[in-house]
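Proteins come first, then strands; the chains are lettered A, B, ... in the order of their sequence lines, and each starts at number 1. Keep in mind the model is a prediction, meaning the values are calculated, not measured.
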2 protein chains.
Amino acid sequence: MVRKTKEEAEQTRKEIIEAARNVFHESGVSRSSLDKIAKAAGVTRGAVYWHFADKAELFFAMREDVFAPMLARTDARLYDPAFDNPLDAIEASITEFFRVLAECEVVREVFEIMISRCEYVDEFSSVQEEVGRPALAFLEKIERMYQQAFDKQLLRPGLLPAMVARDTWAFTSGLLHLTFGCRKNTGLEQEIPAMIQAHMALRRR
Amino acid sequence: MVRKTKEEAEQTRKEIIEAARNVFHESGVSRSSLDKIAKAAGVTRGAVYWHFADKAELFFAMREDVFAPMLARTDARLYDPAFDNPLDAIEASITEFFRVLAECEVVREVFEIMISRCEYVDEFSSVQEEVGRPALAFLEKIERMYQQAFDKQLLRPGLLPAMVARDTWAFTSGLLHLTFGCRKNTGLEQEIPAMIQAHMALRRR
DNA sequence: TTATATACAAACACGAATGTATGTATAGTT
DNA sequence: AACTATACATACATTCGTGTTTGTATATAA
């Protein structure tokens with residue numbers, strides 16, 4: 001029962017990625033042997049090595065599957081022409097990010113793996129850059145939006161776009177990390193939309 | 001040349017912890033074999049197993065060495081009676097945290113290990129709780145401080161202590177994570193004091 | 001129709017890491 | 001002075017994971 005059709009092969013590829021996500025999330029990346037992942041996917045290591053060069057490549061594939069759509073969704077809100085107030089766009093974009101995070105378990109698992117179940121050394125140190133780049137990009141995007149808000153006199157007087165952008169940048173990053181770090185202790189997730197709203201209210205005129 | 005004196009034994013214990021920190025930081029916790037750590041410390045695995053039950057216990061010891069003093073220093077600022085404005089105390093406490101982080105490489109290495117070179121599963125999942133607890137405690141502390149500021153009418157009108165506390169909480173966490181995530185890309189570290197000041201200025205009357 | 005590349009499974013070879021058990025010289029203790 | 005616990009070093013056994021190689025049935029292209 002070998003030599004599947006192309007569609008079937010693509011299907012097993014997806015199943016391997018899904019299994020990897022589950023095993024990574026359960027055991028951490030380092031302790032997730034390819035054999036464990038293969039068995040979780042109902043295949044052997046042969047199949048895994050056929051589709052992916054090694055564990056790192058499998059990890060990257062898993063990550064890319066959820067990262068790109070996430071960026072697309074948040075950017076769609078950020079640049080939604082329906083908002084004539086840039087501050088509303090920023091708020092909507094961040095809110096959308098955490099909404100997806102709360103609603104989609106796959107996304108949540110991948111983020112949790114990347115935040116607290118992966119060691120960024122050697123082959124994986126590039127992951128940190130790949131995560132850092134969108135983070136930097138996000139900073140630049142919202143700085144431009146805040147600049148627009150500033151030009152439109154929508155920012156509270158005395159506030160500089162660069163500074164409030166960095167503040168929002170840190171706030172967002174912290175919120176993301178805290179959702180995973182202190183998840184069981186608090187009902188933080190329920191409060192997130194209110195926190196985002198309060199954060200933005202701080203800088204509205 | 002065995003059976004050292006008690007002081008010498010304590011010294012090798014410290015050297016093992018220091019070696020562990022270096023190796024953890026270089027290779028990540030998972031890929032740091034006890035043999036590698038032992039050799040970095042100039043001893044054999046026998047010595048490591050004599051002082052520590054396993055890698056996790058060694059990790060905990062390394063962490064505790066820098067965590068407790070850090071908490072003491074930031075709390076000292078937070079509760080410094082010299083500040084009659086609680087907002088100044090909060091600002092000083094956070095500033096102090098990042099000042100120590102910038103100045104002390106040992107502290108920086110340990111935090112970097114904990115943030116991006118350790119997988120929080122199995123034996124290490126308890127670490128996440130131990131880190132989450134002080135984080136929660138910090139939230140409660142600054143919420144009380146903000147409450148005092150509120151009572152003294154030092155908070156900008158319309159702001160609720162609980163909300164600004166959470167905002168500062170997320171901001172601080174994000175700043176910490178971003179210093180390691182985007183370190184090489186930007187000169188972020190230089191800007192941190194200004195960012196903290198701007199963050200606090202947002203909520204001052 | 002035949003040939004070939006595909007999509008895996010199965011087997012192999014190797015290193016690396018762990019935990020433990022044992023050896024041993026000496027600092028402390030009585 | 002003799003004894004014992006200490007502070008390691010050394011050796012052993014075992015497990016686990018990886019990368020590669022080989023085998024093989026079949027989809028697919030010619």
Within the structure, does a side-chain N or O atom of [X] lie under 4.0 Å from either OP1 or OP2 of [N]?
X: Lys4(B); N: dC8(D); answer: yes
X: Thr5(B); N: dT26(C); answer: no
X: Trp50(B); N: dA7(D); answer: yes
X: His51(A); N: dC8(C); answer: yes
X: Tyr49(A); N: dG19(D); answer: yes

Heavy-atom check, side chain of Leu175(A) versus side chain of Ile196(A), under 4.5 Å: yes
Contact check, side chains of Met114(A) and Phe67(A), non-hydrogen atoms, under 4.5 Å: yes
Modelled atom types, side-chain donor and acceptor of Ser33(A) and Arg45(A), under 3.5 Å: no
Can you tell me how far [atom2] of [N] sits from [atom1] of [X], to the nearest Å?
X: Phe52(A); N: dG19(D); atom1: CZ; atom2: P; answer: 14 Å
X: Ile37(A); N: dC16(D); atom1: CD1; atom2: P; answer: 17 Å
X: Lys39(A); N: dA9(C); atom1: NZ; atom2: P; answer: 12 Å
X: Lys6(B); N: dG28(C); atom1: NZ; atom2: P; answer: 8 Å

For Lys55(B), all residues meeting side chain to side chain donor-acceptor pair (under 3.5 Å), sequence neighbours excluded: none
Per-nucleotide protein contact string for nucleotides 12-17 of chain C (B base, S sugar-phosphate only, - none; heavy atom under 4.0 Å): -----S
Single hit among Arg13(B), Arg21(B), Lys14(B) for side chain to side chain contact (heavy atoms under 4.5 Å, CB included) with Ile17(B): Arg13(B)
Strand-adjacent residues in residues 8-21 of chain B, judged by heavy atoms under 4.0 Å from DNA chain C: none
Under the salt bridge (Lys or Arg N to Asp or Glu O under 4.0 Å) test, residues paired with Asp54(A) that sit two or more places apart: none
With Phe124(B) via ring-ring contact (aromatic ring centres under 6.0 Å, His included) - residues at least two apart: Phe59(B)
Plane angle bin for Phe111(B) and Phe97(B) - parallel if under 30°, tilted between 30 and 60°, otherwise perpendicular: perpendicular
Ser93(B): side chain to side chain contact (heavy atoms under 4.5 Å, CB included) partners, not counting sequence neighbours: Thr74(B), Arg77(B), Leu78(B)
